[in-house]
Enquirer: 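Here it is: the structure, laid out below.
By convention in this document, chain letters (A, B, ...) are assigned in the order of the sequence lines, proteins followed by strands, and residues within each chain are numbered from 1. Hydrogens, waters and symmetry mates play no part in the numbers below; they use all other heavy atoms, side chains included. Note that this is a predicted model, so its numbers are computed, not measured.
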Amino acid sequence: MSTGGRLAERWDAGRCDSGVRELFALAEDLDRAYGQLARTEAGLADWRGPAAERARPRLLRAAAQVSGLASRLRQAADAIRSGLAGVAEAARLAAVPAQSPREAAEATAVAEAVDRRIAAGLTELAVPVETPPVAGRTAADVARWWTALPPHLRRRALERWTAELAGLAGLPAGVRDAANRLLLADLLRRLRTERELLAGRTGLRIPRQWARMVEVRSMLAVAEDVERTLADLAGERPPPQLLALDLTGAGRVAIGLGDVDRARHLAVLVPGMGTDAVHGVADTVRRAHRLAEQAGRESVESTAVVAWIGYAAPGWREVPFAARARTGGRLLAADVAALAAGRTADGGDRAHVTLVGHSYGSTVIGAAVRVRPRLADDLVLLGSPGVLAGDVTELGQPAGRVYVGEAPLDPVGDLGAFGADPGDRRFGAVRMRADTGPLSWPARLAGGSHSGYFDPGSEALRNAARVVAGRGPDVTREDP
Amino acid sequence: MPTLHVEPRVLADAGRSLATQRSVLADVAGALDPTFSRVTAALPGSRTAEVAGEVGVALRTAVRSVEVELAVLAAALGSAAREYAAVEQCAAAGLERAGRRPV
């Protein structure tokens with residue numbers, strides 16, 4: 001091992017990265033092989049006799065070994081990947097010409113530190129416990145745990161810890177989906193039984209029983225709405241992913257359209273007033289679906305859109321205040337960070353992320369990027385009443401990465417109720433055109449074009465989809 | 001006498017499936033060396049390169065060992081399926097012959 005001089009001078013982070021990707025791909029091959037072996041063993045369940053008694057344990061042992069090898073290989077890949085940024089930085093420092101002795105020593109120290117860290121990770125490959133990480137662990141910790149978990153323990157964890165995994169930030173979307181679907185089926189069964197029990201009681205005179213009946217009906221309504229929505233989209237390829245499901249309070253639901261773990265572009269749609277889960281998920285999912293479809297027309301690169309019905313959206317009484325936006329912003333920031341961490345768990349890449357906020361949903365986004373700057377690459381604010389900022393610089397995005405769309409005849413877009421009006425030229429965002437098409441008089445009276453941003457064929461939807469698909473510079477703009 | 005329940009066709013399918021997975025493992029084992037080599041070549045002079053090389057060799061050996069076990073099991077199941085099928089055919093033929101004899 002070289003400790004002096006420029007250790008990292010010939011290091012190549014790009015080549016290392018391609019090796020890491022290949023290691024993850026080989027681990028997936030082993031995952032699949034394990035799955036096939038497990039199915040083969042299950043297919044022999046009826047085989048009886050002395051030969052069966054000898055063959056089956058050997059087959060099980062071989063399957064478990066393949067599963068363990070997948071885990072070790074993925075951990076090795078993860079250990080190297082975790083140091084890639086450090087490798088790139090060390091190589092950059094080593095390549096700087098004419099360093100002073102102090103700078104050269106510092107560069108060597110950086111290289112040695114990252115080298116030690118990766119090497120230590122590679123020497124500590126061990127199968128983790130199947131119990132999910134306890135509360136207080138970060139999404140990145142959870143992602144690392146899942147990365148290391150062999151497929152046979154993953155399967156068992158899903159069966160034993162369904163509710164815990166369903167809400168565990170940092171897991172891949174595919175795992176969250178599997179856990180949440182199991183959870184949904186279980187909740188539907190239990191709530192329907194409880195509803196029948198309560199309905200059978202005469203009178204429900206005890207206030208507590210009555211309150212529980214109201215609660216059960218409300219939770220069941222959300223669960224059945226989610227069930228219907230997923231069934232409506234069952235023909236989609238890939239099928240929709242149920243990423244979050246919480247029936248308490250206003251409810252929290254997130255449904256992913258497209259391959260959330262692998263898509264090159266990932267958008268999170270944040271709806272506005274009156275759109276929490278209790279008031280129905282279908283409308284937000286429909287808008288997300290239109291956005292995903294349009295993004296597919298705007299680019300050949302893959303896109304996934306998450307319909308995020310994840311906060312207690314305000315009604316008429318709460319909408320003048322920012323409190324719900326701030327609470328929702330914290331939840332959104334955590335959920336988007338969790339999606340990003342989950343993508344890395346099985347070797348996926350970082351996505352180009354866009355947050356798309358409609359109406360009060362844009363205020364939620366404003367709050368979220370205050371909590372976690374650079375949460376997304378691009379922000380799209382449609383019919384925004386304000387984003388808790390005086391101008392675009394307060395959102396912490398790079399120049400030109402905040403897009404505002406304000407349809408003619410949208411009374412909300414000019415309110416500027418939460419900070420300055422984002423559609424105003426002085427705010428500094430990219431003002432994209434957002435025509436929503438011709439409006440009938442009844443529609444004008446019912447709120448103008450505020451609800452038309454996701455109408456098929458509208459310029460608003462086209463431009464939002466362009467940003468989502470990584471083609472922000474191609475949006476049509478308002479006259480300066 | 002132990003309880004015996006055998007479906008030769010199921011055993012034959014299982015044998016074929018194991019043979020397929022053996023071949024997947026052979027491919028993985030063959031790809032491990034060049035892949036780890038790419039990592040070690042990208043980090044010359046580092047401790048990481050040394051350890052990655054060792055990990056690669058250990059993993060390849062372990063994958064090869066499971067591959068051998070799968071080959072043995074695949075062959076055993078395939079041959080058992082053929083032998084059970086032959087026994088069945090033999091028994092069926094015997095019964096048919098017995099049925100043709102005058103009582």
Side-chain angles (χ1 to χ4, degrees), chain A residues 1-2 7-20 22-23 25-27 29-30 32-34 36-37 39-41 43-44 46-53 55 58-59 61-62 65-66 68-69 72-73 76 79-80 83 87 111-112 114-123 125, chain B residues 1-8 10-11 13-18 20-25 27-32 34-56 58-60 62-63 65-70 72-74 76-77 80 83-84:
Chain A
M1 174 179 148
S2 160
L7 171 65
E9 209 166 26
R10 289 183 297 126
W11 284 6
D12 182 344
R15 196 170 178 198
C16 201
D17 183 36
S18 88
V20 165
E22 182 62 21
L23 290 177
L26 292 174
D29 289 345
L30 291 178
R32 277 191 289 273
Y34 162 74
Q36 282 297 334
L37 291 173
R39 275 188 286 279
T40 303
E41 196 280 329
L44 293 171
D46 292 336
W47 186 21
R48 299 272 185 281
E53 281 165 27
R58 283 179 69 171
L59 183 46
R61 204 165 39 243
Q65 281 170 340
V66 172
L69 285 167
R72 281 170 64 194
L73 186 50
I80 301 166
V87 167
E112 286 176 349
V114 70
D115 184 27
R116 264 197 307 276
R117 204 174 62 240
I118 304 175
L122 280 170
T123 50
L125 309 181
Chain B
M1 190 164 169
T3 310
L4 199 61
H5 177 92
V6 184
E7 289 179 59
V10 173
L11 286 193
D13 288 348
R16 274 193 293 275
S17 170
L18 293 189
T20 305
Q21 299 322 310
R22 187 214 63 77
S23 130
V24 170
L25 260 59
D27 290 347
V28 171
L32 279 171
T35 308
F36 272 102
S37 294
R38 200 180 310 166
V39 172
T40 55
L43 300 168
S46 67
R47 170 84 183 121
T48 298
E50 283 175 33
V51 180
E54 289 161 13
V55 170
L59 282 170
R60 189 199 58 211
V63 173
S65 146
V66 187
E67 184 202 337
V68 169
E69 172 70 348
L70 289 185
V72 170
L73 286 170
L77 288 187
E83 284 168 24
Y84 282 128

Enquirer: Could you look at B:Val55 and say if it's the side chain, the backbone, both or neither that has a heavy atom under 4.5 Å from chain A?
Expert: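 The answer is the side chain of B:Val55.
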Enquirer: Using a cut-off of under 4.5 Å for heavy-atom pairs, which of B:Val6, B:Thr40, B:Thr20, B:Asp13 has the most such pairs with chain A?
Expert: B:Val6
Enquirer: Flag the one option from B:Leu11, B:Val24, B:Leu32 with the top tally of heavy-atom pairs under 4.5 Å to chain A.
Expert: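 If we count pairs closer than 4.5 Å to chain A, B:Leu11 comes out on top.
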Enquirer: Just give me the residue among A:Glu22, A:Arg61, A:Arg58 that pairs up with chain B most often, heavy atom to heavy atom, under 4.5 Å.
Expert: A:Arg58
Enquirer: For A:Arg15, I'd like to know if atom CZ has over 12 heavy atoms of other residues, nucleotides or ligands within 6.0 Å.
Expert: yes
Enquirer: Pick from A:Ala52, A:Ala51, A:Gly83, A:Ser18: which one has the most heavy-atom pairs with chain B under 4.5 Å?
Expert: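 Going by pairs under 4.5 Å, I would pick A:Ser18.
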Enquirer: Do you know the tightest heavy-atom contact between A:Ala55 and B:Leu73?
Expert: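 Looks like O-CD2, 4.4 Å.
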Enquirer: Taking all non-hydrogen atoms of both residues into account, name the closest pair between B:Ala42 and A:Cys16 and its distance.
Expert: CB-N, 3.6 Å
Enquirer: For B:Leu43, is it the side chain, the backbone, both or neither that has a heavy atom under 4.5 Å from a heavy atom of chain A?
Expert: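 Both backbone and side chain of B:Leu43 come within 4.5 Å of chain A.
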Enquirer: With a 4.5 Å heavy-atom cut-off, do A:Trp11 and B:Thr48 have their side chains touching?
Expert: no
Enquirer: Look at B:Leu77, B:Leu59, B:Leu18 and state which one has the largest set of heavy-atom pairs under 4.5 Å with chain A.
Expert: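 The answer is B:Leu59.
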Enquirer: Check whether any side-chain heavy atom of A:Asp29 lies under 4.5 Å from a side-chain heavy atom of B:Asp27, and answer yes or no.
Expert: no
Enquirer: Measuring only between side-chain heavy atoms, which start at C-beta, is B:Arg47 closer than 4.5 Å to A:Arg116?
Expert: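 No. Closest side-chain heavy atoms not under 4.5 Å.
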Enquirer: As an exercise, state the distance from CD of B:Glu50 to CG of A:Asp115, rounded to the nearest 0.5 Å.
Expert: 8.5 Å
Enquirer: Where is the tightest heavy-atom contact between B:Val51 and A:Thr123, given as atom of each residue plus distance?
Expert: CG1-CG2, 3.6 Å
Enquirer: Is chain A contacted by the side chain of B:Ala41, its backbone, both, or neither, given a heavy-atom distance below 4.5 Å?
Expert: both
Enquirer: Of all of A:Ile80, A:Val87, A:Asp46, which one pairs up most often with chain B through heavy atoms under 4.5 Å apart?
Expert: A:Asp46
Enquirer: Minimum heavy-atom separation for A:Ala62 and B:Leu70, please, with both atom names.
Expert: CB-CD2, 3.9 Å
Enquirer: Relative to chain A, which of B:Thr35, B:Val10, B:Val72 shows the most heavy atom pairs under 4.5 Å?
Expert: B:Thr35
Enquirer: Which of the residues B:Glu7, B:Glu54, B:Arg38 is involved in the greatest number of heavy-atom pairs with chain A at under 4.5 angstrom?
Expert: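 The residue among B:Glu7, B:Glu54, B:Arg38 with the greatest pair count is B:Arg38.
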Enquirer: Counting heavy-atom pairs closer than 4.5 Å to chain A, which one of B:Pro44, B:Ser17, B:Ala14 comes out on top?
Expert: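 Option with the top pair count is B:Pro44.
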Enquirer: Less than 4.5 Å to any heavy atom of chain B: does that hold for the side chain of A:Ala76, its backbone, both, or neither?
Expert: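 Looking at A:Ala76, just its side chain touches chain B.
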Enquirer: How close do A:Gly49 and B:Leu4 get, counting heavy atoms only, and between which atoms?
Expert: CA-CD1, 3.9 Å
Enquirer: Using a 4.5 Å cut-off on heavy atoms from C-beta on, say whether the side chain of A:Leu30 contacts that of B:Leu25.
Expert: yes
Enquirer: State, yes or no, whether a side-chain contact exists between A:Leu73 and B:Val63 at a heavy-atom distance under 4.5 Å.
Expert: no
